[in-house]
Amino acid sequence: GKVGEGWVRDELTPQLQALCSEVFSAAHAKLVRRRGVFELFGIDVMVDSSLNTWLLEVNSNPALWIHSAVQRELLPRLVRETLDVVLE
């Protein structure tokens with residue numbers, strides 16, 4: 001399908017938030033909270049030609065290697081923003 005202006009904000013983001021909520025609700029009993037410790041999960045999704053999202057996998061130790069210009073731009077910001085949340 002064709003992606004209109006605002007699709008990421010108005011459609012994709014809510015779909016991803018709902019998907020993540022379902023994933024972590026399902027895994028809640030297996031997740032251990034430890035003071036002073038946080039974990040970053042990698043959630044791989046696919047968007048099909050009808051613009052539906054599909055969960056591919058969840059990684060408890062996502063790779064943060066930089067292999068492309070997109071990763072060079074996004075990964076440092078991801079780490080900074082994650083630390084901002086953790087250290088608030």
Side-chain angles (χ1 to χ4, degrees):
K2 185 174 177 169
V3 176
E5 185 176 333
W7 179 80
V8 170
R9 180 190 64 243
D10 300 334
E11 301 292 331
L12 181 62
T13 298
Q15 286 183 49
L16 294 176
Q17 289 170 330
L19 185 142
C20 289
S21 180
E22 288 182 46
V23 165
F24 289 108
S25 289
H28 179 74
K30 300 278 186 187
L31 300 175
V32 178
R33 294 183 81 177
R34 291 175 287 189
R35 187 171 176 79
V37 176
F38 73 95
E39 191 165 359
L40 179 66
F41 290 89
I43 299 176
D44 296 346
V45 297
M46 177 180 69
V47 179
D48 68 19
S49 61
S50 297
L51 302 178
N52 297 305
T53 55
W54 298 92
L55 176 65
L56 299 177
E57 66 179 351
V58 178
N59 300 296
S60 62
N61 189 14
L64 296 176
W65 299 298
I66 295 174
H67 295 292
S68 70
V70 171
Q71 289 170 313
R72 190 170 291 107
E73 179 183 339
L74 293 179
L75 290 178
R77 190 173 79 208
L78 168 72
V79 171
R80 273 194 312 277
E81 291 177 4
T82 299
L83 289 173
D84 287 346
V85 169
V86 169
L87 298 173
E88 282 184 343

Exercise for the section: Please tell me if the side chains of D44 and W54 come closer than 4.5 Å, counting only heavy atoms from C-beta onward. Expected result: no
Problem - Within 6.0 angstrom of H28 NE2, more than 12 heavy atoms from elsewhere - result: no
Practice task
Look only at the side chain of T13 and the backbone of V8, and say whether a donor-acceptor pair between them is shorter than 3.5 Å.
Solution key: yes
Problem - Atom CD of E39 with >12 non-hydrogen neighbours under 6.0 angstrom - result: yes
Practice task
Determine, using the 4.5 Å side-chain heavy-atom cutoff (strictly less than), whether L31 and V58 are members of one ILVMFWY cluster.
Solution key: yes
Exercise for the section: Find the distance between CG (L40) and CG (N59) and round it off to the nearest 0.5 Å. Expected result: 10.0 Å
Handout entry: ILVMFWY cluster, M46 and V23 together (side-chain gap under 4.5 Å)
Key = no
Exercise for the section: Any chance you could measure Q17, atom CD, to L12, atom CG, to the nearest 0.5 Å? Expected result: 9.5 Å
Practice task
Check whether any side-chain N or O of D48 sits under 3.5 Å from a backbone N or O of S50 as a donor-acceptor pair, and report yes or no.
Solution key: yes
Exercise for the section: Quick one: do L19 and F24 satisfy side chain to side chain contact (heavy atoms under 4.5 Å, CB included)? Show the steps, please. Expected result: CA-CA 9 Å; L19 185 142; F24 289 108; over 6 Å; no
Problem - Heavy-atom donor-acceptor pair, T82 side chain to L78 backbone, under 3.5 Å - result: yes
Practice task
State which residues pass ring-ring contact (aromatic ring centres under 6.0 Å, His included) with F38; sequence neighbours excluded, sorted by chain then number.
Solution key: none
Practice task
Give a yes or no on whether L16 and L55 share a hydrophobic cluster (residues Ile, Leu, Val, Met, Phe, Trp, Tyr; joining criterion: side-chain heavy atoms under 4.5 Å apart).
Solution key: yes
Exercise for the section: Give every residue pair that meets the salt bridge (Lys or Arg N to Asp or Glu O under 4.0 Å) criterion with at least one member in residues 77-88, sequence neighbours excluded. Expected result: R77-E81
Problem - N52 vs V47 side-chain heavy atoms within contact, under 4.5 Å - result: no
Practice task
Please check if V45 and L75 belong to a single hydrophobic cluster, counting links between Ile, Leu, Val, Met, Phe, Trp and Tyr side chain heavy atoms closer than 4.5 Å.
Solution key: no
Problem - Nearest atoms (heavy-atom pairs only) where Q15 meets T53 - result: OE1-OG1, 3.1 Å
Handout entry: CD/E57: more than 12 non-hydrogen atoms of other groups inside 6.0 Å
Key = yes
Exercise for the section: Using a 4.5 Å cut-off on heavy atoms from C-beta on, say whether the side chain of S60 contacts that of F41. Expected result: yes
Exercise for the section: Output yes when a side-chain donor or acceptor of Q71 lies under 3.5 Å from a complementary backbone atom of H67, and no otherwise. Expected result: yes
